[in-house]
Amino acid sequence: MKLSNNQLFWMIFCFQVHYALNPAFQYGHQDAWIISLVMGIAVMLLTFIIVKASLLSRDESLPALCRRLFGKWLGSGAAFFYIASWFLLTAVTLREWADYVFLKLLPNTPVFMVLIPFLLLVVYVNVKGGIMAIGYCSQVIGPLYFLISFVPFFLMFGVMEWSNLLPIYTDTGGENVLRGAIPALADVMGGSMVPFIIMGKHTDSKKTMKSALWAMGLSALWVILSTIGSVLVVGPHQASELIIPWVDSIRTISILDFIQNVDAFAICIYAFAHFISVSASMFGTSYGLAEWVGAKNWKRIVWYVAISVFLCVILTSNLGHITNDYRQSILVPWILPLNMLMIPILLLLMDRVKRWHA
Amino acid sequence: MFSVVEEAAQGEKQELSSNMRENERLLKVIFKNCSDVVIRVLPNPREEEILIVYVDGLVDTKQLEQTMNQLLMSAENTLASNKEVSLGNLIRNHLVLFGQTKNANKVEDLINGVLKANIAIIMSGEGTALLVDASGFEKRSIEESKTENVISGPRDSFTETLRTNTSLLRRRIPSSQLKMESFTVGKLTQTDVVLVYIEGVAPDALVENVRQRLQGVQLKGILDSSYIEEYIQDSPWSPFPQIQKTDRPDTTAASLMEGRVAIIANCTPCVLILPITFWTGMQSADDHYERFDFVVARKAVRYIMMMVSLIFPALYVALTAYNPELLPGSLYQSIATAREKSPFPTVIEVVIMDFIFEGLQEAGIRMPSQLGPIVSIVGALVVGEAAVKANIISAPIVIVVALTGIAAYGIPRYGFSIPLRLLRFFLVVLAGIYGLYGLSLGLIAILIHLVTLESFGVRYLMPVAPLNFKRLRDVALRTVRWPRRSPSE
């Protein structure tokens, strides 16, 4: 069985883009929405290129595709680069999630106690049903995540201070817009790389491109709306200081003076969405690694990857650092130009060349 | 003793002898100590011997006596006037009118026939027994369903008699496409089981799958259709039912028309319907008999009650013990005041009260009807009021558990409320350890289980995952039966 477009859409949408807000605020303050808008346009272009490249592998895995088009050694290297980046992504997403839970729900619980049950669920879904089970779960979780993502924006209208958006552009300038848009772009595209690359072999439809573009478009729209919302509610300067500004913004919501602190409920839904993103990353890493080394049983590799990820997470630095460090030292200088831009373009070019020669 | 048993076992495999006395002796060995089995030699006009075997209580003895008297009287005249007519042929021709008849040459066939409410008649000099279907045992009349109550719609329900049940279906779907395939299941009980489906509507692969599973049932005995359910379901470890049980003929007929299949076993009023999905449990029989707008509202209430029944106690534990800031100040103040003198942590309180509630339910079911009110008194006064007044249990817990209990009864199919009741404890324990985060983890675990669960090739969460828009309408709403306009309009 292969993933349907609907499953793919929700799976991609469930990938976390919350941390894309931070570089936008850091460089743009009240103009963060302009950075998000530029980032949104770049997201659509990059999505188009990556999906085109991933659809080259309709009947083969990513390592096989890279080896076919780049040759044995170069192809293996390129595929390994993807697998390594997915592994890092899994670890970083987990670390971010542990920080979320620590900050908002369980401030006195050790990180490993938070991670163990979560990782067990990730292993369970992979071993029990693989990418199909993750796809089915995302069909239930995705709509809930959609609601908790967009509805709070409209519930905050009463506390929005619209003058917070002023002055527009003059404080920021083109250079800052670009400097903010690039890491924001890397953050938004980072997680979604996994379903993009695995979609070639695991989806079976002509409308895959449409689903991917819609999902990424929706994620980009959320980033734009949430930057605007955060600026209007907590102000541009405070927003740039906060680790998760959006979650602090929705804390101001009060429904009929009865339901307050909506952020804690939102985090429960974020738990579901994080589960989808970590599970899909785990699947990509384990399945890709099994294909790369030629192992028959990829489900066994899930356990090894899970244990390695767990060790990486509990040995990394404390709260909030991991995302910035990862973004500054790995995501922006390496993964964005190589994994997201160069290798997909080269794959497309090599495919054209090979077809032309054939 | 051993030799008699061995002789009986050997005898069952034999062919019937032409020697009447030999057959009689063998049958008496086989049916030794079976006081209900009648083995009797009847006198007759030609001095030929007739051996008659039946189980007292299973056959209609009054009708048997009347028929045999008539038969022997008319035989006397016929045999006297016509010497060429044999007694065997005469009896055969006469008894054809009595009911379904068939011949048995083997002792084993004769025994099976006799044990299934047939009268066996063996004539001397013949190695063949005539089996006459003369079932006349006591039957329960068709009554109103006690497990699936409805406000509107038909009132009849299945009984323990297989043929009554098949006739209830045949009356609703009088079509030759309605097929009823017979199987015999259970080594000792030899239970008649019927596989029912509508040819051309139920997928062939599904029918074949169920047929094969029924043929593969290797059980000693079947006393209820649940035995078959456990044997043929896909995931025995899942708490969620993968086969629907119903005692309503209208529900069964509707399911058959939707392309599903039913299994009816003798001696049980519970009919099995498969495949099913999670949403089947939320459907009531009278959803299609009421106005659609009312049904939509009622369905919404049911879904909310389902969620309340599953997560309310866990949510209470998580909010009061871990995240009180989520509750409005005044509400939390009331809860905190009520909880002030309670000696137990919230999670222990909830588990104790939930356990007591389940215990009260169990006692209520088992208790003789005369003692029924005692359960209410003990439950309401002792547990509900006295325990709260004595500061052993806090009052909000009683409210939470009572609401949860009521919500569980909002689920129309009893089989579907059981997994929710079980999983409620699982979620409460997780919420006790991790608060809201634990509740989320528990719900994710349940979701993974549900999306990977299948019922005879159908995904359990269909049509939500995988998504099917057309069928999704029937899950959340009820399709309206708009009147079809004629082409002229």
Side-chain angles (χ1 to χ4, degrees), chain A residues 1 3-7 9-10 97 100-102 104-109 113-114 116-118 120-130 132-144 251 254-265 267-272 274-276 279, chain B residues 235 237-238 277-279 307 311 314-315 318-332 334 426-427 429-454 457-469 472 475-476:
Chain A
M1 279 182 78
L3 284 174
S4 70
N5 287 314
N6 187 269
Q7 287 164 347
F9 169 82
W10 288 119
W97 173 238
Y100 250 83
V101 176
F102 178 80
K104 298 290 173 188
L105 296 176
L106 301 167
N108 299 319
T109 309
M113 282 291 286
V114 172
I116 287 174
F118 193 78
L120 284 176
L121 286 178
V122 170
V123 171
Y124 174 43
V125 74
N126 269 289
V127 171
K128 190 87 192 283
M132 285 310 299
I134 302 168
Y136 290 134
C137 285
S138 61
Q139 280 184 312
V140 178
I141 291 169
L144 287 175
R251 182 178 281 184
S254 168
I255 303 168
L256 302 172
D257 276 336
F258 186 77
I259 299 170
Q260 291 159 353
N261 300 97
V262 179
D263 55 326
F265 278 113
I267 284 170
C268 292
I269 308 292
Y270 295 160
F272 298 154
H274 268 94
F275 162 74
I276 294 292
S279 303
Chain B
S235 308
W237 291 104
S238 173
T277 64
F278 179 78
W279 317 106
M307 289 309 291
I311 67 170
L315 192 65
L319 291 182
T320 51
Y322 283 85
N323 302 93
E325 75 276 8
L326 265 80
L327 293 169
S330 52
L331 179 63
Y332 182 66
S334 308
F426 166 68
L427 292 180
V429 172
L430 274 176
I433 300 169
Y434 285 109
L436 270 181
Y437 178 58
L439 179 58
S440 307
L441 292 176
L443 291 175
I444 291 172
I446 294 169
L447 179 66
I448 298 170
H449 176 70
L450 287 175
V451 298
T452 50
L453 194 63
E454 279 190 7
V458 173
R459 289 272 166 192
Y460 207 61
L461 279 192
M462 248 282 282
V464 172
L467 188 69
N468 185 326
F469 268 116
L472 195 62
V475 168

Closest approach of A:Asn6 to B:Leu467 (non-hydrogen atoms, all atoms of both residues): ND2-CD2, 3.4 Å
Interatomic spacing from OG in B:Ser440 to CG in A:Leu121 - rounded to 0.5 Å: 10.5 Å
Contact check, side chains of A:Cys137 and B:Ile448, non-hydrogen atoms, under 4.5 Å: yes
When A:Ala133, A:Gly129, A:Cys268 are compared by non-hydrogen pairs under 4.5 Å with chain B, the top option: A:Cys268
Contact origin within A:Leu106 toward chain B - heavy atom pairs under 4.5 Å: side chain
Short side-chain to backbone donor-acceptor contact, B:Tyr434 and A:Met113, under 3.5 Å: yes
Flag, side chain of B:Tyr437 to backbone of A:Val114, donor-acceptor distance under 3.5 Å: yes
Engaged part of A:Val101 at the chain B interface, taking heavy atoms whose separation is under 4.5 Å: side chain
Any residue meeting side-chain hydrogen bond (donor to acceptor under 3.5 Å, both in side chains) with A:Thr109, in chain and number order, not counting sequence neighbours: none
CG on B:Leu443 to CZ on A:Phe275, rounded to 0.5 Å: 12.0 Å
B:Leu461/A:Tyr136 under side chain to side chain contact (heavy atoms under 4.5 Å, CB included): CA gap, chis, key distance, verdict: CA-CA 9 Å; B:Leu461 279 192; A:Tyr136 290 134; over 6 Å; no
Partner set under ring pair (Phe, Tyr, Trp, His ring centres under 6.0 Å) for A:Phe118, not counting sequence neighbours: A:Trp97
Side chain / backbone / both / neither for B:Leu439 at chain A, heavy atoms under 4.5 Å: neither
